[in-house]
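To keep things clear, I will list the structure first and then write my remarks on it.
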Amino acid sequence: MNKLDISIIGVPTDYGQARRGVDMGPSAIRYAGVVERLEAIGHKVQDLGDIRVSQTLKNAVVDEKLLNLEEVIDVSTALANNVHAVLEQKRFPLVFGGDHSIAIGTLAGLGEHYKNLGVIWYDAHADLNTPETTPSGNIHGMPLAVSIGLGHERLVRIRDFAPKIKPENVIIIGARSVDPGERELIRQQGIKVYTMHEIDRLGMTRVMEDALAYLKERNVDGLHLSLDLDGLDPLYTPGVGTPVPGGITYRESHLAMEMLQESGMLTSAEFVEVNPILDEKNTTANVAVALMGSLFGETLV
């Protein structure tokens, strides 16, 4: 296994959704020993700390279809610039959220470096809503749509280009809560989805083999993992804001991470939606760090 130069970027924001606490996710992940774990595997880890997130709302009038828009734009722009700078240094960006709206910034920072980036979206949700389809106005339900070029122009155009990724290079794994507008968009855009039905029927080994083979056939020049902890069943990750029963198991998730590591394709990753306020003894952050161990080459023997 190649030893990596990893740069950690924390994004302490909860502006993409309505439940407080997820802004403490990066601290919880660090407290769970992520730096020590990655260094024990043999990687060189540089923790860049957290990007600065304003605690003061700018919106004089709240747009019910785009809650905290100005704040999300600010955070996404700062994160995109940080990710871009990490890649300029030939380092591996590892981003800790924060809610899943941060993926807007992560993918904006990656998009200039990869012309054909593949994305594995490990999540209970599709995150493909737009202002026209959103049932809540929460932007953490929109980052994948924004990244393929759909949504509010200022979100779509962060770092002045769009789209950031091609919809046919996206694979969603673990979906089990998909809104009607998202289902239509999945069909229109040709996005590949492995719901819990496929995982139950085929098994995680087959799902990951098929997903990685598909991305290789697409000749992707990089692979980003965007992992929402609610992709796992809430039995294993109680500290998430939007838990959905019937999810991926702890062991299946380790297998998926191990197979990603063995593929040699991974070039960046983010772990999001750890909410310590809703958690039990930092269980969810501990799961996140354990999965990172498998993703970055930790072995049992």
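Computed from heavy atoms alone, side chains included, the values below leave out hydrogens, waters and symmetry copies.
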Polar contact flag, side-chain donor to acceptor under 3.5 angstrom, Ser226-His100: yes
Distance-only donor-acceptor check, side chains Asp230 and Thr242, under 3.5 Å: yes
Cation-pi, Tyr214 ring and Lys216 (6.0 angstrom, 45 degrees): no
N/O donor-acceptor pair under 3.5 Å between Asn129 side chain and Gly181 backbone: no
Atom of Met208, atom of Ala256 and distance for their closest heavy-atom approach: CE-O, 3.7 Å
Side-chain heavy-atom pair Tyr194, Ile172 within 4.5 angstrom cut-off: no
Taking every non-hydrogen atom, the tightest pair across Leu223 and Leu117: N-CD1, 3.8 Å
Side-chain donor-acceptor pair present, Thr283, Asp279, cut-off under 3.5 Å: no
Neighbour count above 12 (heavy atom, 6.0 Å) for Arg206 CZ: no
Could you pull out every donor-acceptor pair under 3.5 Å between side chains of residues 108-115 and any protein atom, sequence neighbours left out?
from	atom 1	to	atom 2	distance (Å)
Glu112	OE2	Arg159	NE	2.3
Glu112	OE2	Arg159	NH2	3.0
His113	NE2	His84	ND1	3.0

Heavy-atom side-chain proximity of Val53 to Asp50 below 4.5 angstrom: no
Validation row: Thr249, Asp233 side chains within 4.5 angstrom (heavy atoms): no
Connected via hydrophobic side-chain network under 4.5 Å: Met257 and Leu212: yes
Stepwise side-chain contact (heavy atoms from CB on, under 4.5 Å) test for Asn116 and Asn169: CA-CA 8 Å; Asn116 199 38; Asn169 285 359; 2.8 Å; yes
Test side-chain contact (heavy atoms from CB on, under 4.5 Å) applied to His224 and Thr267, step by step: CA-CA 6 Å; His224 176 66; Thr267 51; 5.6 Å; no
Tyr31, OH: over 12 other non-hydrogen atoms inside 6.0 angstrom: no
Under 3.5 Å donor-acceptor, Ser263 side chain and Leu260 backbone: yes
Criterion salt bridge (Lys or Arg N to Asp or Glu O under 4.0 Å) on Glu39 and Lys3, from CA distance to verdict: CA-CA 10 Å; Glu39 288 179 338; Lys3 304 305 180 184; over 6 Å; no
Verdict with supporting geometry, Lys90 and Asp5, salt bridge (Lys or Arg N to Asp or Glu O under 4.0 Å): CA-CA 8 Å; Lys90 309 295 185 186; Asp5 293 322; over 6 Å; no
Electrostatic pair Glu132:Lys65 at N-O distance under 4.0 angstrom: no
Side-chain heavy-atom pair Ile6, Phe296 within 4.5 angstrom cut-off: yes
Residue pair Lys164, Val146: steps toward the side-chain contact (heavy atoms from CB on, under 4.5 Å) verdict: CA-CA 8 Å; Lys164 307 305 191 288; Val146 167; over 6 Å; no
Under-4.0 Å salt bridge between Glu182 and Arg187: no
Any side-chain heavy-atom pair of Val272 and Ile102 under 4.5 Å: yes
Within-4.5 Å side-chain heavy-atom neighbours: His140 and Asp127: no
Same apolar cluster (I L V M F W Y, side chains within < 4.5 Å links), Ile139/Val22: no
CZ/Arg19: more than 12 non-hydrogen atoms of other groups inside 6.0 Å: no
Distance-minimising heavy-atom pair for Leu150 and Thr130: CB-CG2, 4.3 Å
Carboxylate-amine/guanidinium contact Arg183 Asp179, below 4.0 Å: no
Same apolar cluster: Leu79 and Met24, side chain cutoff 4.5 Å: no
side-chain hydrogen bond (donor to acceptor under 3.5 Å, both in side chains) between Tyr122 and Ser253, intermediate numbers included: CA-CA 9 Å; Tyr122 202 90; Ser253 296; 2.8 Å; yes
Gap between atom CG of Asn82 and atom OG1 of Thr77 - 0.5 Å precision: 11.0 Å
Reported CD1-to-CG distance for the pair Ile8 and Leu38, which is rounded to 0.5 angstrom: 6.0 Å
Joint cluster assignment, Ile199 & Met259, ILVMFWY side-chain distance < 4.5 Å: yes
Verdict with supporting geometry, Val86 and Leu48, side-chain contact (heavy atoms from CB on, under 4.5 Å): CA-CA 10 Å; Val86 166; Leu48 298 175; 3.7 Å; yes
Within 6.0 angstrom of Arg52 CZ, more than 12 heavy atoms from elsewhere: no
Test item: Leu227 and Leu295 side chains (from C-beta on) under 4.5 Å apart, heavy atoms: no
Heavy-atom pair of closest approach, residues Ser76 and Ser101: OG-O, 4.1 Å
same_hphob_cluster(Tyr236, Leu291) at 4.5 Å side-chain heavy-atom cutoff: yes
Heavy-atom pair of closest approach, residues Ala124 and Val244: CB-CG2, 4.0 Å
Val170 side chain near Lys192 side chain, heavy-atom distance below 4.5 Å: no
Distance-minimising heavy-atom pair for Tyr15 and Asn68: O-ND2, 3.0 Å
Check: Val207 main-chain N/O paired with Glu198 side-chain donor or acceptor under 3.5 Å: no
